[in-house]
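Everything numeric here is computed off the predicted structure, so don't read it as measured data. Just the heavy atoms: all of them, side chains too, but no hydrogens, waters or symmetry mates, feed the values below. A, B, ... follow the sequence lines: proteins, then strands. Residue 1 opens every chain.
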There are 2 protein chains.
Amino acid sequence: MSRASDRAYEMIRDMILSGDLPSGAKIGEEALAEHCGVSRTPIREALSRLEAEFLIRRSDTQRSFVADWSLEDVEETFELRGLLESRAARRAAKRISWSQLARIKTHHAAIGEAIDAEMPDTQQFVEHNDLFHGVILEASASAQLTTMLARIIERPIVHRTARNYSFDDLKRSHRQHGELIAAFEQHDPAWAEAVMISHIRRAFHAYANAHIDQRIPDVSQAAE
Amino acid sequence: MSRASDRAYEMIRDMILSGDLPSGAKIGEEALAEHCGVSRTPIREALSRLEAEFLIRRSDTQRSFVADWSLEDVEETFELRGLLESRAARRAAKRISWSQLARIKTHHAAIGEAIDAEMPDTQQFVEHNDLFHGVILEASASAQLTTMLARIIERPIVHRTARNYSFDDLKRSHRQHGELIAAFEQHDPAWAEAVMISHIRRAFHAYANAHIDQRIPDVSQAAE
DNA sequence: TGACAGCCTAATGTATACAATGCCGATCGG
DNA sequence: CCGATCGGCATTGTATACATTAGGCTGTCA
């Protein structure tokens, strides 16, 4: 990630995720270029990627804006993610290797440690949660599924989900991971798929409950 | 969108689909720029889009090659498409309006005419087949599903498809469309979803049978 | 006073020059 | 003769200047 366009991509993405760039804000290439300390060329490349990931949207005349997410959009995202990730789990159950299973158990254990502590270690939870799901994607052996999911997971909602988890949510998530492992050990596609659907569904409701009567992405009360 | 990069995109895509650029061929930006009569800037943009649509693959050092599609890759594509399009059908069944239903019936009738003729009118078949599926996507009311599917389905691929369809294939496709309409009229999500899965699945096997003991020549042979 | 038109500004699209980086071959040493 | 390393060459990454186009502002006319 040493290329300028990659750095620009991460900077802009972080600005959106952190709320520095509020929903609906207009994005000028020139301004971003100056802010990121690069020229417009890598900025344009970064914007393309962000558009593909639905973090920004473009007007009919190619002006860029930070995407604003309605609750319906959020539910759509979770629906799509559940669809793709459950299919990945199904494929993974058929193909997962012994070493992949071993790795997934390692991450499972790490997550267990993270939430067994007095104060749950969210950092460690998120990190190994990503790795856990990453192994499933790898085992699914579908480059296309992997690519499509990668574009969804970068989304703000997915990113913020873990923060909204209660302690019970974290434990339930961990238990579902355990059940996924059992399904993988049995090489049972239907089981793995069902658990994954449930897993993602739960994540959605955790999110929805946390934002029950709020307008969704207004993290940024302080507009510049 | 911009004119030069769009033209470049279409030109390169057509070269790939027509086989002028064979699978695995190396793609140089400079060479393409000269061939398309534009500079490298729009070429790079076109290559990004083509990569997102899996028509181009990039090496670890960003060299571009025409993607080579194994039979497994093709099946993956059909699997993904079936997954997304059946979900679109399910959503559409719940939401489709009377006027959308009317439009879909119009296209259904047009397809019927196209294949009832002495010589099937593939042009008309493909056109209204696109519109038929387009209405379903519209009725699904999911921008994200729509966008993702747009990246999977390349129109020229669909167009090429009709040529590989036997007369019976065309008639079966038409009958399945009729069943989809029935499911929509009943607003029966499960029914619509099931028919769509079957619809896409059958298309895959039509493809597989047509290429049963051939090395996959290129993407343009993919069937719907 | 309101609406339309034309210019002006600002933003995006494209071209080109330059920088950095990977690839390949040639040459030298074992 | 084989392998490794170094250097030139080809290709991609970035910057910048220029072209084009959208959108706003203002002035004028009804």
A/Q62 has its side chain closest, among D/dT12, C/dT12, C/dT14, to C/dT12

Which whole-number value in Å describes the distance from B/I56 CD1 to D/dT12 C1'?
14 Å

Specify the separation, in whole Å, of atom CD1 of A/I27 and atom C1' of C/dA11.
14 Å

Go through D/dT14, C/dA15, C/dT12 for me and flag the one nearest to the A/P42 side chain.
D/dT14

Among C/dA15, D/dT14, D/dA15, the one nearest any side-chain atom of B/S39 is C/dA15

Length of the line joining A/R3:CZ and D/dT12:P, which is rounded to integer Å
12 Å

Can you tell me how far C1' of C/dT14 sits from CZ of B/R7, to the nearest Å?
11 Å

So that I can tick it off, tell me whether A/D6 and A/R3 are bridged by a salt bridge, with the cut-off set at under 4.0 angstrom between side-chain N and carboxylate O.
yes

Could you tell me how far apart A/I43 (CD1) and D/dT16 (C1') are, to the nearest whole angstrom?
15 Å

Mind checking salt bridge (charged side-chain N to carboxylate O under 4.0 Å, His left out) for B/R58 and listing every partner two or more places apart, or none if nothing turns up?
B/E51

Is any NZ, NE, NH1 or NH2 atom of the basic residue among B/R151 and B/E53 found under 4.0 Å from an Asp or Glu carboxylate oxygen of the other?
no

Which listed nucleotide (D/dT14, D/dT12, C/dT14) is nearest to the side chain of B/S5?
C/dT14

Across the strands shown, which category fits B/L47 at heavy-atom distances under 4.0 angstrom: base, sugar-phosphate, nothing?
nothing

Is it the case that atom CD in A/E72 sees more than 12 heavy atoms from other parts of the structure closer than 6.0 Å?
no

Between B/L32 (CG) and D/dT11 (P), how many Å, whole number?
12 Å

Value in whole Å for how far the P atom of D/dC9 lies from CD of B/E30:
17 Å

Is B/K26 near enough to D/dT12 that one of its side-chain N or O atoms lies under 4.0 angstrom from OP1 or OP2?
yes

Measure from NZ or CZ of A/R13 to the centre of the six-membered ring of A/F54 and say whether it is under 6.0 Å with the direction within 45° of the ring axis.
no

Taking only N/O atoms, report every protein-nucleotides 23-25 of chain D pair under 3.5 Å with atom names and distance.
| unit_1 | atom_1 | unit_2 | atom_2 | d |
| --- | --- | --- | --- | --- |
| D/dG23 | OP1 | A/T61 | OG1 | 3.1 |

Inspect the contact between B/E75 and B/R201 and indicate whether a charged nitrogen and a carboxylate oxygen are less than 4.0 angstrom apart.
yes

Comparing nearest nucleotides in DNA chain D, the 5'-proximal residue of the pair A/G37, B/G28 is B/G28

Using the side-chain heavy atoms of B/R40, tell me which of these nucleotides is nearest: D/dT12, D/dT16, C/dT14.
D/dT12

Could you state the atom-to-atom distance from CZ of A/R44 to P of C/dA15 in whole Å?
12 Å

Any donor-acceptor N/O pair, A/E193 side chain to A/R91 backbone, under 3.5 Å:
no

Counting side-chain heavy atoms from C-beta on, which of C/dT14, D/dG13, D/dT16 comes nearest to B/E29?
D/dG13

